[in-house]
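Here's the structure we're looking at; comments come further down.
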Amino acid sequence: MPSHPSIARRPVAWGGDHTADAIADLLAASPAHHVSGELIRKRLKLTRSAVWKAVGRLKREGYGIAASPHLGYRLDREPDTPLPRLIRNGLRARTIGGAIHAFRTVSSTNDTALALAEQGCPDGTLVIAEAQTGGRGRLGRRWHSPAGSGLWFSVVLRPKLAASGAQALTFLGAVATARAVRDLHGVPMTLKWPNDLFLEGRKMGGVLTELSAESDLIRHAVIGIGFNVNLPAAAWPPELKAIATSLQAAAGGPVPRVPLLRRILEEMETRYAFLQRSGPAALVDEARALTPMIGKIVRIQHLGQVREGTVVGMDPDGALLLRSAAGTVERLLAGDVSILR
Ligand code: BTN
């Protein structure tokens, strides 16, 4: 649970207005050129006041639209905001992000996604928020999720997988994110088992997988991904300053969030299809290759227990294999790892 009580407020949805979608498309088809109000009204069969309202809505969503009484409306700038119409624009994934629920603010996208999953939403449904008031990490830790600076989202999956294979779903989110960041920005992300995205000793993101299972079979899973994209160093709360980082620091400047999100969803889609066809082995292999702790001497803390040893590998379920000084190999399913040497 979050370290502060979540605020029981109705989430504020955004995007998803068909009139605004249609006007945004029309203006985007002639960027930097005026489109007359009359043309918009005729083409979309709208009244003057409906156009005016929808343009106001687009402006509130961050669109730069110039309005001139004689010339009409001109699109100067699209926002880099995870609005459904912007996410869908050019998305090469069908299942992941096939349905999108976007919010200005929610308590936790995982909570919203879990509720939607219970209500029967489609496989691959994306829930994304500009800000979270009760973002959660593993072991009930709070996840700092301010507006405008990160990607905070959850994907509902209905995999054919035993609950004991759930670590593969965490890898699915982590590997897809690491690959997208590597491919688009050349930043060599690594995984810190079991669920962290790391760069040079600092955490840039994390994955929280939550499940509903029946007789060891997953009914649905929610993969929650938090990725710090454009948080300037000065904006971190004091307790996170030394341990967290964001992509903008590594990339040398602000990074557009929506194209990165699209790429993550596409990377998830290919791996999800493969997981459904062939099982988790390939994902575990990919995660292993991105995990630099194999071969290192580590300390692992979990539920008050501390273990030390050498990481000798990962088993087919994604459990970490730790060899103690006495030579016995233990299989660990969770824990906080510190690399000693
Ligand atoms: C961790 O590092 O412990 C996992 C962090 C996961 C955070 C994401 S943000 C989107 C989704 N909603 C949440 O409340 N948590 C996950």
Side-chain angles (χ1 to χ4, degrees), residues 1-9 11 82 87 96-97 100-117 125-157 166-167 169-178 181 189-199 201-211 220-231 236-237 239-240 243-247 257 260-261 264-265 268 287 291 300-303 318 333-338:
M1 293 306 292
S3 58
H4 58 82
S6 35
I7 301 168
R9 217 196 268 148
I87 298 170
I96 311 289
I100 301 178
H101 297 257
F103 301 91
R104 205 179 275 269
T105 306
V106 288
S107 174
S108 153
T109 56
N110 264 33
D111 290 347
T112 307
L114 284 165
L116 286 167
T125 295
L126 168 70
V127 179
I128 185 155
E130 186 61 336
Q132 296 182 116
T133 52
R136 296 180 281 115
R138 211 164 51 87
L139 304 173
R141 291 174 187 139
R142 173 169 134 68
W143 185 262
H144 183 58
S145 331
S149 52
L151 288 172
W152 328 125
F153 64 98
S154 305
V155 174
V156 175
L157 296 182
Q167 180 62 39
L169 298 176
T170 299
F171 288 161
L172 173 65
V175 168
T177 306
V181 172
M189 299 300 309
T190 59
L191 305 194
K192 181 163 176 269
W193 183 90
N195 69 320
D196 288 342
L197 286 147
F198 255 62
L199 183 75
R202 285 177 187 230
K203 180 158 169 165
M204 207 181 273
V207 181
L208 176 67
T209 302
E210 295 181 298
L211 295 182
H220 56 254
V222 165
I223 305 185
I225 299 179
F227 194 72
N228 307 322
V229 184
N230 290 325
L231 269 91
W236 288 106
E239 71 278 14
L240 295 180
I243 53 172
T245 187
S246 78
L247 182 56
R257 289 179 297 159
L260 176 60
L261 171 69
I264 296 171
L265 300 178
M268 287 180 80
T291 304
I300 303 186
Q301 305 192 47
H302 188 54
L303 303 175
L333 290 165
D336 284 326
V337 184
S338 333

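First listed ligand is number 1; within each ligand, the first listed atom is number 1.
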Which ligand 1 atoms are under 4.0 Å away from a heavy-atom of [X]?
X	answer
T109	10 (C), 11 (C), 12 (N)
G137	1 (C), 3 (O), 4 (C), 5 (C)
N195	1 (C), 2 (O), 3 (O), 4 (C)
S154	11 (C)
V207	4 (C)
D196	2 (O)

Name the closest protein heavy atom to [atom], giving the residue it belongs to and the distance to 0.1 Å.
atom	value
atom 3 (O) of ligand 1	R138 N, 2.6 Å
atom 7 (C) of ligand 1	R136 O, 3.4 Å
atom 5 (C) of ligand 1	W143 CE3, 3.4 Å
atom 2 (O) of ligand 1	K203 NZ, 2.5 Å

To check you understand the geometry: which heavy-atom pair defines the closest contact between [X] and [Y], and what is its length?
X	Y	value
L208	R136	CD2-O, 3.5 Å
W193	F171	CD1-CZ, 3.9 Å
A244	R202	O-NH1, 3.5 Å

* Using the side-chain contact (heavy atoms from CB on, under 4.5 Å) rule, pick out the option among V106, I87, I225, T109 that qualifies with I128. => I87
* Quick one: side-chain hydrogen bond (donor to acceptor under 3.5 Å, both in side chains) partners of T125, sequence neighbours excluded? -> none
Using a 4.0 Å heavy-atom cut-off, which part of [X] comes near ligand 1: side chain, backbone, both, or neither?
X	result
Q132	side chain
S145	neither
L139	neither

* Listed by chain and number, what are the side chain to side chain contact (heavy atoms under 4.5 Å, CB included) partners of A113, not counting sequence neighbours? -> V127, S154, V156, V222
* Asked: Salt bridge between D336 and R138, side-chain N to carboxylate O under 4.0 Å?
  -> yes
* Asked: Do NZ/NE/NH1/NH2 and the carboxylate oxygens of R142 and E239 come within less than 4.0 Å?
  -> no
* Less than 4.5 Å apart, any side-chain heavy atom of L197 and any of L191? -> yes
* Asked: Could you state the interatomic distance from CG (L151) to CD (E130), rounded to the nearest 0.5 Å?
  -> 9.0 Å
* Report yes if some N/O of W152 lies less than 3.5 Å from some N/O of ligand 1; otherwise report no. => no
* Asked: Is ligand 1 less than 4.0 angstrom away from at least one heavy atom of G135?
  -> yes
